[in-house]
Amino acid sequence: MAPAVAYSTAFQLRVCTGKVCKRQGSPQVAKFGQDLQLPLVEVQTCGCLGECGAGPNVAVIPLDGTCPLVVRHVGTPRRMAELLRDVCAQQEVDEALLQATELRLAGNAAARGGQLARAERLYTQALELRPPAGRHLLLSNRSGVKLEMGDAEGALADANAAAQCAPASFTTAAIRQVEALVQLQHYRAAMECLLAARERHPAFAQTDNYQRTVADIQQALEESGAT
């Protein structure tokens, strides 16, 4: 890890998401840093910072005018946590949160590879750690996996739990609820759920995801003969 810069009141971190660093996991690292919502650290993404073979690379910019530096090989949430601690003088990131994030990312990779049972186990292991944040992400992801495995009831239970602990802007939980309700042929409940999510987060109504989901539910209602 690079030597610490002088203590500052605030830092801006720019995480390279160029082609090479992106393949090495930089978008997930940036998202992890952003989700921590540290009051003295702003995490952004940026273009190539050079030395791609040593990536993912993160530019650390102290906002007190101290000379910036670039930290190399920041390819995991744990490395980002080390950077925040050693370079930005931030508090240690909760170990349960780190482990849960690592398990979630591994679960995501397993799900993308079609290893649904493994993904479900990894999400469950992460939830059992009781991380102080990110529970809604784990529940939502596990809901999606359960639905693909044919467990609509389990998917709905996870989606409901995700919706209860998620911020209003996290509309994926509502989508997971709707998907499970449609699978269970509870079309009216699915529409009510979607409308409630729109009320909590009005900007959701302008998204393609919302419009597409409304159309899907309306079609299902028509095909079921419901009035």
Side-chain angles (χ1 to χ4, degrees), residues 1-113 115 118-119 122-123 125-138 140-142 166-167 169-170 172:
M1 184 61 67
V5 298
Y7 284 3
S8 303
T9 57
F11 292 86
Q12 184 182 91
L13 303 186
R14 297 181 182 176
V15 182
C16 173
T17 52
K19 183 165 63 174
V20 175
C21 285
K22 186 175 183 178
R23 287 202 303 266
Q24 296 170 333
S26 64
Q28 292 87 350
V29 168
K31 185 66 166 58
F32 173 72
Q34 292 165 347
D35 287 346
L36 291 174
Q37 297 183 333
L38 298 173
L40 298 181
V41 179
E42 178 188 7
V43 181
Q44 301 179 349
T45 58
C46 68
C48 185
L49 295 171
E51 296 192 36
C52 300
N57 301 312
V58 179
V60 180
I61 305 171
L63 299 184
D64 66 351
T66 305
C67 184
L69 73 156
V70 175
V71 181
R72 311 293 182 184
H73 302 295
V74 188
T76 65
R78 190 169 296 276
R79 284 286 289 166
M80 172 60 87
E82 291 172 355
L83 184 159
L84 291 167
R85 180 194 65 203
D86 298 340
V87 180
C88 301
Q90 299 297 301
Q91 290 183 347
E92 192 89 36
V93 175
D94 184 88
E95 181 63 25
L97 175 59
L98 270 176
Q99 291 184 26
T101 301
E102 291 168 343
L103 287 166
R104 176 168 57 82
L105 294 177
N108 294 351
R112 287 194 299 271
Q115 298 176 288
R118 172 174 168 75
L122 289 166
Y123 296 141
Q125 289 172 23
L127 286 163
E128 289 172 349
L129 293 172
R130 299 184 179 275
R135 182 175 172 82
H136 61 291
L137 299 173
L138 292 163
S140 178
N141 289 3
R142 192 173 69 175
S169 60
F170 185 73
T172 303

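Just so it is clear, the model here is predicted, and its values are computed rather than measured. Count residues from 1 along the sequence.
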Item to complete: Assess whether side-chain contact (heavy atoms from CB on, under 4.5 Å) is satisfied between Leu38 and Phe11, documenting all intermediate values.
Response: CA-CA 10 Å; Leu38 298 173; Phe11 292 86; over 6 Å; no
Nearest heavy atoms of [X] and [Y], plus distance in Å:
X      : Y     : answer
Pro62  : Pro68 : CD-CA, 3.9 Å
Gly50  : Arg72 : O-NH1, 3.3 Å
Gly75  : Val29 : C-CG2, 3.5 Å
Thr101 : Pro77 : CG2-CG, 3.6 Å
Leu129 : Ala96 : O-CB, 3.8 Å
Cys16  : Cys21 : O-CB, 3.5 Å

Worksheet entry | Pair Arg142-Leu127, side-chain contact (heavy atoms from CB on, under 4.5 Å): steps then yes or no | CA-CA 10 Å; Arg142 192 173 69 175; Leu127 286 163; 3.6 Å; yes
Tell me whether [X] contacts the main-chain N or O of [Y] through its side chain, where contact means a donor paired with an acceptor under 3.5 Å.
X      : Y      : result
Arg104 : Ala126 : no
Gln90  : Cys88  : yes
Asn141 : Asn108 : no
Arg118 : Ala106 : no

Distance (rounded to the nearest 0.5 Å) between [X] [atom1] and [Y] [atom2]:
X     : Y      : atom1 : atom2 : value
Ile61 : Gln44  : CD1   : CD    : 8.0 Å
Thr17 : Leu49  : OG1   : CG    : 9.0 Å
Asn57 : Arg14  : CG    : CZ    : 14.5 Å
Leu97 : Glu102 : CG    : CD    : 10.0 Å
Phe32 : Leu98  : CZ    : CG    : 4.5 Å

Item to complete: Identify whether the distance between the nearest side-chain nitrogen and carboxylate oxygen of Glu95 and Arg78 falls below 4.0 Å.
Response: yes
Worksheet entry | Salt bridge present between Glu82 and Arg85 (N-O < 4.0 angstrom) | no
Practice prompt. Using the side chain to side chain donor-acceptor pair (under 3.5 Å) rule, collect all pairs that involve residues 22-33, keeping only residues at least two apart or in two chains.
Written response: Lys31-Asp35
Discussion item. Is the shortest side-chain heavy-atom distance between Val43 and Leu36 below 4.5 Å?
Written reply: no
Discussion item. Between Lys19 and Cys52, is there a side-chain heavy-atom distance shorter than 4.5 Å?
Written reply: no
Discussion item. Before you tell me yes or no, could you show the steps for Leu84 and Leu13 under side-chain contact (heavy atoms from CB on, under 4.5 Å), namely the whole-Å CA-CA distance, both residues' side-chain angles and the distance that decides it to 0.1 Å?
Written reply: CA-CA 10 Å; Leu84 291 167; Leu13 303 186; 3.8 Å; yes
